[in-house]
Amino acid sequence: MDEVIICEKPRSSEKIAKALFPKAKKKKYKKTYYWEYQGEDKRTIIIPAVGHLYTLKPKNPSDELFFDLEWAPIPEVDKKKRYIKNYIDAIDSLAKNADKYFHACDYDIEGTLIGYNVLKHICGEEALQKTLRMKFSTLTKNDIIKAYENPIELDYGQVDSGIARHVLDFIFGVNISRSLMRSVKESTNRFIKLSAGRVQTPALSILVDREKAIRKFKPEPYWVIKAILEDGIIALNQRGRIFQENEVEGVLGTCKGKDAIVEEVKINMITRMPPAPFNLGGLQAEAYKVFGLSPKRTQSIAQNLYLEGYISYPRTSSQKLPKTIGYEKILKGLSEDPRFHEKIAKLERPLKPYEGEKEDEAHPAIHPTGLLPEKLGKYERKVYELIVYRFISAFGGKALIESMNTKLNIGGEIFKFSRKRVAKKGWMEQYPYQKIEDEKFPEFEEGEKVPVKEIIAEENETKPPARYNEASLIKEMEKRGLGTKSTRADIISILYDRKYIEGKKIRVTPLGENIIDTLKRYCEKITSEELTRQFEEELKKIMKGKTSKDKVIKKAEEEIISIIEEIENNKEEIGKHLYKAYQKGRIVGECPECGGNLLIRYSGKTKSSFVGCSSFPECRIVYPLPKGARILKSKCEKCGLPLISYGRPRQRACLDPKCGKGEKGKMEVVGKCPECGNDLVKRSGRYGEFIGCKGFPKCRFTASLEEVKGKG
DNA sequence: GCAAGGTC
């Protein structure tokens, strides 16, 4: 009389086993673990999946359009995910032919489907007849026990909407991607890897819109009038930005040579609450801001810290720290480290964390477990400490900021300035990444006359909208409901891989823009959030039994067929344009022999990149590229060809190996570092070229090439 | 080769 509990992941299987059967034994199967409990009359196996174990694949890979799909074990389709096989094997050998099954995966659409596929494809169809569903919203002992004692029926509406989500994403994404690639292949006989999808395409579209807004933007000159007083006080004219030059003259005329009368001095106390505890997006944004880490890197570091047991589950959207995580125990553990102890000792009791608004049914906000790491890599340590300090600061209580707002009257014109200083540090004491304001308040009294040293009109230009970076794009995607907390960083890196975007401050390449322009013409829906919205509605209807998954999929198939038809009918034009845009982004310089474009090319034979002339085969100029080489924007002083950087440590050389080694190892000095006074040099990183301090890593000052140009 | 979603 056996009973099997199927869990979504190893971690939840441990929690479920311990909650239901404290005496259950942890057992090993190959490289994976499961739990076994031998009761008086029955034996229970608690066994995990690792997220999805099955994925969709076309039944017949030679179909032109993929509509006929089937579920296949992920390790068979994706060789990088062979570890999943261990979990499938474990379930296959331990969890078949039981009398009773519990489906105990997360209670959401994906979780329901994960468990359903395990039962259907590994345990066997008949297992589904013997299955009950555990429904819990948190992985706490109470919830788990309740869910086990009062199981419900498996909700097939949920299962079907999960299946439909996978099918719709596949048939839209894969078929449209293939059709784009086919149009390039058939019109130019070249292969470029292209893709479109429900999430990646709208994300790219956001970036293209911004790119167009920046291009369209015309800077306008404006003036700001400032009064310079004693003690370095600079007051701004109340009019703010002035766009008319004669207005500037007028204001200057009224104020020049006059003293200032203090019209109003207001001192306020502002309360500043601690920053919200981290969810994944919050952690990614802060690690980007403080350390310059890419969201993808932060995510993988957080995953490692979690697997080592140092922090809680990172793929959460929650900003809540429920009592049940055990504040005192965690803080006690952290206190073993003197640097954390110093912060913790200053906390006031009773402990009550400040929380953010966002919630997650399955997990609390990211927090340390209290187990102190022994050895960590450099960035792992930074991210870990960031999480620890953020957690401690949630208990730090509010900070009070004293703010002084002063109004001055100079010949009838109003000028303002403000000062801030921290009156009570509160949580700022615990969070070392926070800047603590401490400005001096001048002793001004209302009605007092103050001398004015100078009135100036400062000329400025309006600025174009800012470019997105990875962290701000993730936030924007979050706001628009594109992707999930665990997939956003990966989706952005697909956009980089496809060469749709480049740079740390994201620029869209000609190819990226062309993809969006093309899809806007033939499949507007996939470029906007429209498709996601439609999916959400249809899936909800399936869940409620108001429609069937087959109907929804059938409708989607018809839609896709008509989109693909349109693309096929125009494939000559689409393919040529896409390829041209692709090449435009690959131009690295001018051919010294024939004046054509030098392009980055890829040789399928040697599986390596090289630089060749666009007039091939008439012009046969080629330059080799060392493995991992990057082509820089800087040009060789001797011959004008671009420089490349390659090797480890990175060194620079001319693209033409015969040109000479004059540039090798030489750093181009472009100025002085404003932070440490050392030389500023051109460097290159994985996002391209930038300006960095020669004193790296001691001094970590960096700037973009544009910034330096702008400031001279 | 192509998507997006789960997780070690």
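Keep in mind it's a predicted model, so treat the numbers as computed, not measured. No hydrogens, no waters, no symmetry mates; every other heavy atom, side chains included, goes into these values. Naming: A, B, ... by sequence-line order, numbering from 1 per chain.
Taking atom OH on Tyr107(A) and atom C1' on dG6(B), their separation rounds to 18 Å, with Å as the unit. Between the CH2 atom of Trp71(A) and the C1' atom of dA3(B) there is a distance of 12 Å, given to the nearest Å. Atom NZ in Lys81(A) sits roughly 13 Å away from atom P in dC8(B) (whole-Å rounding). For Leu113(A) and dA4(B), the CG to P distance is 17 Å, given to the nearest whole Å. Between the NZ atom of Lys296(A) and the P atom of dT7(B) there is a distance of 17 Å, rounded to whole Å. Across the protein-nucleic acid pair, Ile491(A) atom CD1 and dG6(B) atom P stand 10 Å apart, rounded to whole Å. For the pair Arg82(A) CZ and dT7(B) C1', the interatomic distance rounds to 18 Å; values are reported in whole Å. Nucleotide dG5(B) holds its P atom 17 Å from the CG atom of Asp78(A), rounded to whole Å.
Residues Tyr87(A) and Tyr54(A) each lie close to DNA chain B; by heavy-atom proximity, the contact nearer the 5' end of the strand is made by Tyr54(A). The residue among Asp106(A) and Gly173(A) whose nearest nucleotide of DNA chain B is located toward the 5' end is Gly173(A).
At a threshold of 4.0 angstrom between heavy atoms, the contacts of Ala196(A) are confined to the sugar-phosphate backbone, with no base atom among them. Within the 4.0 angstrom heavy-atom criterion, base atoms lie near Arg315(A). Note on Val199(A): only backbone sugar-phosphate atoms sit closer than 4.0 angstrom, heavy atoms only; bases stay farther off. When heavy atoms are screened at a 4.0 angstrom cut-off, Arg182(A) is found touching no nucleic acid atom at all. Within 4.0 Å of Leu56(A), counting heavy atoms only, lies at least one base atom of the nucleic acid. Ile74(A) comes within 4.0 angstrom of a nucleotide base, judged by non-hydrogen atoms across all strands. Within 4.0 Å (heavy atoms only), Thr32(A) reaches no atom of the nucleic acid at all. Contacts of Gly483(A) with the nucleic acid, taken as non-hydrogen atoms under 4.0 Å apart, involve only primed sugar atoms and P, OP1 or OP2. Within 4.0 Å (heavy atoms only), Phe172(A) reaches no atom of the nucleic acid at all. Leu168(A) comes within 4.0 angstrom of no nucleic acid atom, judged by non-hydrogen atoms across all strands.
For Arg11(A), no side-chain nitrogen or oxygen approaches OP1 or OP2 of dG6(B) to under 4.0 Å. Dashed line: the shortest gap from a side-chain N or O of Ser195(A) to OP1 or OP2 of dA3(B) is under 4.0 Å. The phosphate of dT7(B) (OP1 or OP2) has no side-chain N or O of Gln303(A) nearer than 4.0 angstrom. Within the structure, every side-chain polar atom (N or O) of Arg488(A) is placed at least 4.0 Å from both OP1 and OP2 of dG5(B). For the OP1/OP2 pair of dA4(B) and a distance below 4.0 Å, the side-chain nitrogens and oxygens of Arg165(A) include no atom meeting the criterion. In terms of phosphate contacts, Thr484(A) brings no side-chain nitrogen or oxygen within less than 4.0 Å of OP1 or OP2 of dA4(B). Residue Tyr313(A) has a polar side-chain atom (N or O) positioned under 4.0 Å from OP1 or OP2 of dT7(B). Distances shorter than 4.0 Å separate some side-chain N or O of Ser486(A) from OP1 or OP2 on dG6(B).
Considering only side-chain atoms of Tyr83(A), the nucleotide from dG5(B), dG6(B), dT7(B) that sits closest is dT7(B). Out of dA3(B), dT7(B), dG5(B), the shortest distance to the side chain of Pro10(A) is found at dT7(B). Among dG6(B), dA3(B), dC8(B), the nucleotide with an atom closest to any side-chain atom of Ile84(A) is dG6(B). In the set dG6(B), dA4(B), dA3(B), the nucleotide with an atom closest to the side chain of Val174(A) is dA3(B). When distances run from any side-chain atom of His52(A) to the nucleotides dC8(B), dG6(B), dA3(B), the shortest one goes to dG6(B). Picking from dC8(B), dG5(B), dT7(B) the nucleotide with the shortest atom distance to the side chain of Glu8(A) gives dT7(B). Here the side chain of Tyr306(A) is nearest to one of dA3(B), dG5(B), dC8(B), namely dC8(B).
Checked by atom type and distance alone, the side chain of Arg133(A) pairs as donor or acceptor with a backbone atom of Cys105(A) at under 3.5 Å.
Salt-bridge annotation for Glu70(A) and Lys57(A): present, with a side-chain N of the basic residue lying under 4.0 Å from a carboxylate O of the acidic one.
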- Message: Evaluate Thr298(A) against Tyr288(A) for side-chain contact (heavy atoms from CB on, under 4.5 Å), listing each step before the verdict.
- Response: CA-CA 8 Å; Thr298(A) 301; Tyr288(A) 182 83; over 6 Å; no
- Message: With side chain to side chain donor-acceptor pair (under 3.5 Å) as the criterion, how do Asp360(A) and Ser318(A) come out once you've worked through the C-alpha distance, each side chain's angles and the decisive distance to 0.1 Å?
- Response: CA-CA 5 Å; Asp360(A) 187 316; Ser318(A) 166; over 6 Å; no
- Run the ring pair (Phe, Tyr, Trp, His ring centres under 6.0 Å) check on Tyr148(A) and Phe102(A) step by step: do they pass? CA-CA 8 Å; Tyr148(A) 177 69; Phe102(A) 285 93; 4.9 Å; yes
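Under 3.5 Å, the side chain of Lys485(A) and the base of dG5(B) form no donor-acceptor pair of N or O atoms.
Ring geometry for Trp71(A) against His121(A) counts as tilted: the plane angle lies between 30° and 60°, on a 0 to 90° scale.
A donor-acceptor contact closer than 3.5 angstrom is absent between the side chains of Lys296(A) and Gln284(A).
The six-membered or imidazole ring of Tyr29(A) lies away from that of Tyr34(A), with a centre-to-centre distance of 6.0 Å or more.
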